[in-house]
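Read the structure below first, then the notes.
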Amino acid sequence: MITDNEYKVLKILSGRKWDFPICPRDLALELWSNDPSKEYLFNANTNTGNGACSGKKAWLCAGSLAGKLIKKGLAKRVYIGWSVRYQITANGLRQIKGYELEHKK
């Protein structure tokens with residue numbers, strides 16, 4: 001079974017068209033842009049060896065959540081040029097339906 005956070009990410013991925021997968025930055029914005037408790041993710045400066053960047057912490061966290069879904073087979077990584085993007089898989093769609101049925105009670 002999937003967690004609440006995994007469900008949120010899968011719902012965002014399921015709302016995207018198959019020909020336009022989502023990048024980590026956009027995933028972070030859709031997940032946390034309206035949450036005041038997560039504002040620090042977008043304001044903190046992060047330096048991971050490729051230069052400091054404001055807001056990178058949010059992208060890294062969103063990519064980490066997507067990576068967990070990829071390991072479970074619920075999402076897949078798509079490369080468009082040098083850009084990494086994420087798509088939902090058929091198994092991910094089934095997990096969304098199972099989650100919604102279980103939490104509908």
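Basis for what follows: all heavy atoms, side chains included, without hydrogens, waters or symmetry-related copies.
- Taking each heavy atom of Pro21 and Gln87 in turn, the nearest pair found is CB-CG, 3.5 Å.
- In this structure, the side chain to side chain contact (heavy atoms under 4.5 Å, CB included) partners of Leu31, at least two apart in sequence or on a different chain, are Lys8, Val9, Ile12, Leu27, Leu65.
- Atom OG1 of Thr89 sits about 8.0 Å away from atom CG of Leu10, to the nearest 0.5 Å.
- The structure places CD of Gln95 at 8.0 Å from NZ of Lys72, a figure rounded to the nearest 0.5 Å.
- In this structure, NZ on Lys97 lies 9.5 Å from CG on Leu101, to the nearest 0.5 angstrom.
- Of all non-hydrogen atoms in Ala58 and Ala28, the two that sit nearest each other are O-CB, 3.4 Å.
- Side-chain contact between Cys23 and Ile80 is absent, with no heavy atoms from C-beta onward closer than 4.5 Å.
- Tracing side-chain contacts under 4.5 Å through hydrophobic residues (I, L, V, M, F, W, Y), one reaches Leu13 starting from Val84; they form part of the same cluster.
- Partners of Ser14 under the side chain to side chain contact (heavy atoms under 4.5 Å, CB included) rule, at least two apart in sequence or in another chain, are Lys11, Ile88, Leu93, Ile96.
- A distance of 14.5 Å separates CZ in Arg85 from NZ in Lys76, rounded to the nearest 0.5 Å.
- Rounding to the nearest 0.5 angstrom, the gap separating the NZ atom in Lys57 from the CG atom in Asn43 is 11.5 Å.
- The list of ring pair (Phe, Tyr, Trp, His ring centres under 6.0 Å) pairs with a residue in residues 42-100, not counting sequence neighbours, reads Tyr7-Tyr99, Tyr99-His103.
- Ala62 and Pro24 get closest at one heavy-atom pair: CB-O, 3.6 Å.
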